[in-house]
Amino acid sequence: MVQDPEKGRAEDEEVKKKVEAKNALENYAYNMRNTVRDDKFAGKLDPADKEKIEKAVDDAINWLEGNQLAEVDELEDK
């Protein structure tokens, strides 16, 4: 009986880490996209650089959408 709460706690902690990693990547991607699209910042970027950043952000968002069950290490690597 003592092991059950400990096991549940460990599983909860793992889920929490996964959610935090997913949210961090998602927040970063959307913040970058919003920054690149901001008129104040976008005018200072080289068009080729802006295109590369937007592609990388779109790739990250698409990857997140297709990998909802990704593990923490995969999310952190991305």
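Please read all numbers here as calculations on a predicted model, not as lab measurements.
Atom NZ of residue Lys17 and atom CG of residue Asp12 lie 12.5 Å apart, to the nearest 0.5 angstrom. A distance of 8.5 Å separates CZ of Arg37 from NZ of Lys50, quoted to the nearest 0.5 Å. Interatomic distance, Leu75 CG to Lys22 NZ, rounded to the nearest 0.5 Å: 8.5 Å. In this structure, NZ in Lys18 is found 9.5 Å from CD in Gln68, a value given to the nearest 0.5 Å.
With Asp49 contributing its side chain and Leu45 its backbone, the two residues share no donor-acceptor pair below 3.5 Å.
Across every non-hydrogen atom of Phe41 and Val36, the tightest pair is CD2-CA, 4.2 Å. Taking every heavy atom of both residues into account, Trp63 and Lys78 meet most closely at CG-CE, 3.6 Å. Residues Arg33 and Ile61 share a closest heavy-atom pair of NH1-CD1, 4.1 Å. Closest non-hydrogen pair, Val57 versus Ala29, comes out as CG1-O, 3.2 Å. Heavy atoms only, all atoms of each residue included: Val72 and Glu14 are closest at CG2-OE2, 3.9 Å.
Inter-residue side-chain proximity for Glu76 and Leu25 is flagged as unmet; no heavy-atom pair is nearer than 4.5 Å. Contact of the Met32 side chain with the Glu54 side chain is not registered, since no non-hydrogen atoms from C-beta on lie closer than 4.5 Å. Contact of the Ile53 side chain with the Thr35 side chain is not registered, since no non-hydrogen atoms from C-beta on lie closer than 4.5 Å.
Around atom CD of Glu20, more than 12 heavy atoms belonging to other residues, nucleotides or ligands sit under 6.0 Å away.
Note on Tyr30 and Val19: separate hydrophobic clusters, where clusters join Ile, Leu, Val, Met, Phe, Trp and Tyr whose side-chain heavy atoms are under 4.5 Å apart, directly or indirectly.
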